[in-house]
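Here is the structure we will look at.
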Amino acid sequence: MTTAQPLDVTPTPLALLLLGREADPRSERGVECPGDLPSPSDPDLVERARAAKEKLGDRVFVLGHHYQRDEVIQFADVTGDSFKLARDAAARPEAEYIVFCGVHFMAESADILTTDAQAVVLPDLAAGCSMADMATAEQVAECWDVLTDAGVADQVVPVSYMNSSADIKAFTGKHGGTICTSSNAKRALEWAFEQGEKILFLPDQHLGRNTAVRDMGMSLEDCVVYNPHKPNGGLTAEQLRDAKMILWRGHCSVHGRFSVESVEDVRARIPGVNVLVHPECKHEVVAAADYVGSTEYIIKALEAAPRGSKWAIGTELNLVRRLANRFADEDKEIVFLDKTVCFCSTMNRIDLPHLVWTLESLADGKLVNRIEVDPETEKYAKLALERMLALP
């Protein structure tokens with residue numbers, strides 16, 4: 001009889017990185033160990049968070065994005081989408097610490113819009129955004145060179161989605177463009193077409209396409225997709241000259257999962273269901289839906305919906321589940337559009353142990369996980385954001 005050999009359970013560097021316990025020097029931002037987190041099974045976590053927040057008082061302002069877990073949302077002073085939260089932070093200059101329960105680009109935007117005396121904190125530095133990371137400053141600079149070589153750069157106005165890094169917002173500001181949200185994308189495109197003949201839309205191709213075709217009456221042929229991983233973006237100079245919308249090849253990993261089959265399946269399962277999706281979904285899904293709108297639009301639509309109505313929602317699961325619970329006593333049936341459960345994995349990195357560690361650290365006078373945008377980047381990113389704020 002042979003003796004069983006012990007298993008080698010030494011974690012690999014990749015495993016450590018995924019666990020958030022090491023740094024990746026090749027990463028744009030890195031994933032750093034935040035220190036000793038409380039155990040997720042600690043039954044006192046809620047009370048510890050409450051006590052630390054109470055100790056900090058008005059010195060801390062906690063922002064909670066709609067896609068956050070319920071365990072985190074319960075400690076948010078305000079909830080909303082990314083831009084609303086950044087503006088809420090700017091409206092609280094007396095708060096020394098802004099704890100942003102969201103993802104990295106959101107914390108950057110809050111830092112850009114708040115004062116130098118305020119510190120914006122992200123409870124887990126590994127909470128990024130796959131869409132925002134699909135467009136780097138180097139790739140976009142190379143794209144502009146391609147547009148210049150094609151002789152169209154002077155006709156192009158960049159419009160960047162709020163879901164982008166500070167570097168991309170700064171590029172947009174430098175080149176005369178503006179930022180948009182999913183709720184004001186049409187106004188932003190209309191403004192941009194008053195400034196130039198073409199738009200470079202970053203980084204979400206689906207929001208750009210849906211806004212141009214569904215909301216502004218353009219054709220799919222007016223749109224081309226620039227792929228940063230192909231020479232010249234995979235496009236010819238003629239295609240760039242003919243296009244009105246140059247869409248960056250980026251997407252949301254959550255909203256990109258929904259399909260026409262999802263829509264057909266839910267209609268078959270729930271007669272009379274209303275299908276409501278976010279404009280980050282694919283064009284064919286948006287075309288098959290009954291209603292399309294931003295996160296705030298989705299919430300308001302369900303608030304106004306009649307009792308007993310049925311809804312299938314195509315957006316992040318944490319929000320859908322929260323809305324289903326909220327309106328259950330009004331007999332509104334609210335289901336997730338897809339059968340497959342799909343949380344935003346990076347949003348879900350902000351959990352109760354990270355929030356407790358953050359609040360307790362701040363309460364003890366230790367500033368952790370501060371998000372700071374350098375002055376030059378901030379200058380031009382803020383210019384792009386101010387152009388959006390000035391939109392009629």
Side-chain angles (χ1 to χ4, degrees), residues 65-67 81 103 129-135 161 163 181-183 185-186 201-230 234 245 247-299 301-302 305 309-324 332-348:
H65 191 273
H66 286 309
Y67 296 167
D81 61 15
V103 294
C129 170
S130 59
M131 179 201 294
D133 291 342
M134 289 177 189
Y161 191 20
N163 299 28
T181 68
S182 52
S183 57
K186 181 182 177 183
F201 194 89
L202 298 150
D204 179 26
Q205 62 170 309
H206 300 307
L207 177 61
R209 183 182 295 105
N210 288 328
T211 305
V213 176
R214 180 180 181 274
D215 299 335
M216 299 181 66
M218 294 187 210
S219 69
L220 291 173
E221 289 69 33
D222 290 324
C223 307
V224 295
V225 177
Y226 182 95
N227 186 342
H229 303 294
K230 290 185 177 181
M245 292 287 295
L247 306 170
W248 193 264
R249 190 175 182 269
H251 65 275
C252 170
S253 57
V254 171
H255 293 102
R257 292 180 59 92
F258 300 115
S259 64
V260 173
E261 288 72 27
S262 302
V263 177
E264 293 172 345
D265 176 74
V266 80
R267 291 196 193 282
R269 287 188 290 112
I270 308 176
V273 70
N274 298 284
V275 178
L276 170 56
V277 303
H278 194 281
E280 288 176 20
C281 293
K282 297 172 185 175
H283 180 67
E284 58 268 26
V285 174
V286 165
D290 299 303
Y291 304 95
V292 182
S294 66
T295 304
E296 295 290 342
Y297 173 91
I298 290 171
I299 295 170
L302 292 176
S309 55
K310 303 174 183 180
W311 297 84
I313 311 299
T315 193
E316 206 274 342
L317 182 56
N318 271 315
L319 175 60
V320 177
R321 188 170 59 183
R322 190 174 302 123
L323 291 170
K332 296 176 187 178
E333 183 178 353
I334 298 170
V335 301
F336 191 58
L337 178 57
D338 198 354
K339 285 183 176 179
T340 305
V341 173
C342 188
F343 293 100
C344 176
S345 59
T346 48
M347 281 279 188
N348 269 267

**Message:** Parallel, tilted or perpendicular, judged at 30° and 60°: which one describes the rings of Tyr226 and Trp248?
**Reply:** parallel
**Prompt:** Quick one: SG on Cys252 to NE2 on His206, what's the gap to the nearest 0.5 Å?
**Reply:** 9.0 Å
**Request:** Output yes when a side-chain donor or acceptor of Asp81 lies under 3.5 Å from a complementary backbone atom of Thr295, and no otherwise.
**Result:** no
**Message:** Which heavy atom of Val285 sits nearest to which heavy atom of Val260, and what is that distance?
**Reply:** CG2-N, 3.8 Å
**Request:** Please report the shortest heavy-atom distance between Ser130 and Ser253, naming the atom on each side.
**Result:** OG-OG, 3.3 Å
**Asked** Taking all non-hydrogen atoms of both residues, which atom of Asp290 and which atom of Val273 are closest, and how far apart?
**Response** OD2-O, 3.7 Å
**Message:** Under the criterion side-chain contact (heavy atoms from CB on, under 4.5 Å), I'd like the reasoning laid out for Leu337 against Val320: C-alpha separation, chi angles, the key distance, then a yes or no.
**Reply:** CA-CA 9 Å; Leu337 178 57; Val320 177; over 6 Å; no
**Item:** Thr315 side chain near Tyr67 side chain, heavy-atom distance below 4.5 Å
**Value:** yes
**Prompt:** Does any non-hydrogen side-chain atom of Asn318 lie less than 4.5 Å from one of Asn348?
**Reply:** yes
**Asked** Does the pair Lys339 and Asp265 meet the rule for a side-chain contact (heavy atoms from CB on, under 4.5 Å), with working shown?
**Response** CA-CA 9 Å; Lys339 285 183 176 179; Asp265 176 74; 3.2 Å; yes
**Message:** For the backbone of Ser219 and the side chain of Asp222, can you confirm whether one donor and one acceptor N or O come within less than 3.5 Å of each other?
**Reply:** yes
**Request:** Could you tell me whether a side-chain N or O of Arg322 sits under 3.5 Å from a main-chain N or O of His66, the two making a donor and an acceptor?
**Result:** yes
**From CD1 (Ile298) to OH (Tyr291), nearest 0.5 Å** = 13.5 Å
**Complete:** When rounded to the nearest 0.5 Å, the distance separating CE of Met245 from OG1 of Thr211 is 7.0 Å
**Asked** Is there side-chain contact between His283 and Val213, with heavy atoms separated by less than 4.5 Å?
**Response** yes
**Complete:** Tightest non-hydrogen contact, residues Asp204 and Tyr161, listed as CB-CD2, 4.0 Å
**Prompt:** Does Arg267 CZ have over 12 foreign heavy atoms under 6.0 Å away?
**Reply:** yes
**Message:** To check you understand the geometry: which heavy-atom pair defines the closest contact between Arg249 and Pro228, and what is its length?
**Reply:** CB-CD, 4.2 Å
**Request:** Measure from the side-chain N and O atoms of Lys310 to the backbone N and O of Ile270, and report whether any donor-acceptor pair falls under 3.5 Å.
**Result:** no
**Message:** As a quick check of understanding, evaluate side-chain contact (heavy atoms from CB on, under 4.5 Å) for Ser294 and Thr181, giving each step before the final call.
**Reply:** CA-CA 8 Å; Ser294 66; Thr181 68; over 6 Å; no
**Asked** Roughly how far, to the nearest 0.5 Å, is CZ of Phe258 from CD1 of Ile313?
**Response** 9.5 Å
**Request:** Mind checking the CH2-CD1 spacing from Trp311 to Ile334? Nearest 0.5 Å is all I need.
**Result:** 9.0 Å
**Request:** Work out which heavy atom in Ser182 is nearest to a heavy atom in His278; give both atom names and the distance.
**Result:** OG-NE2, 3.6 Å
**Prompt:** Roughly how far, to the nearest 0.5 Å, is the CG atom of Leu207 from the CG atom of Leu247?
**Reply:** 10.0 Å
**Request:** Go through Leu319 and Ile299 one step at a time and tell me if the side-chain contact (heavy atoms from CB on, under 4.5 Å) criterion holds.
**Result:** CA-CA 9 Å; Leu319 175 60; Ile299 295 170; 4.3 Å; yes
**Exam field: side chain Glu316 to backbone Cys344, donor-acceptor pair closer than 3.5 Å** = yes
**Message:** Using modelled atom types and a 3.5 Å cut-off, is there a donor and acceptor pairing between side-chain atoms of Asn210 and backbone atoms of Cys281?
**Reply:** yes
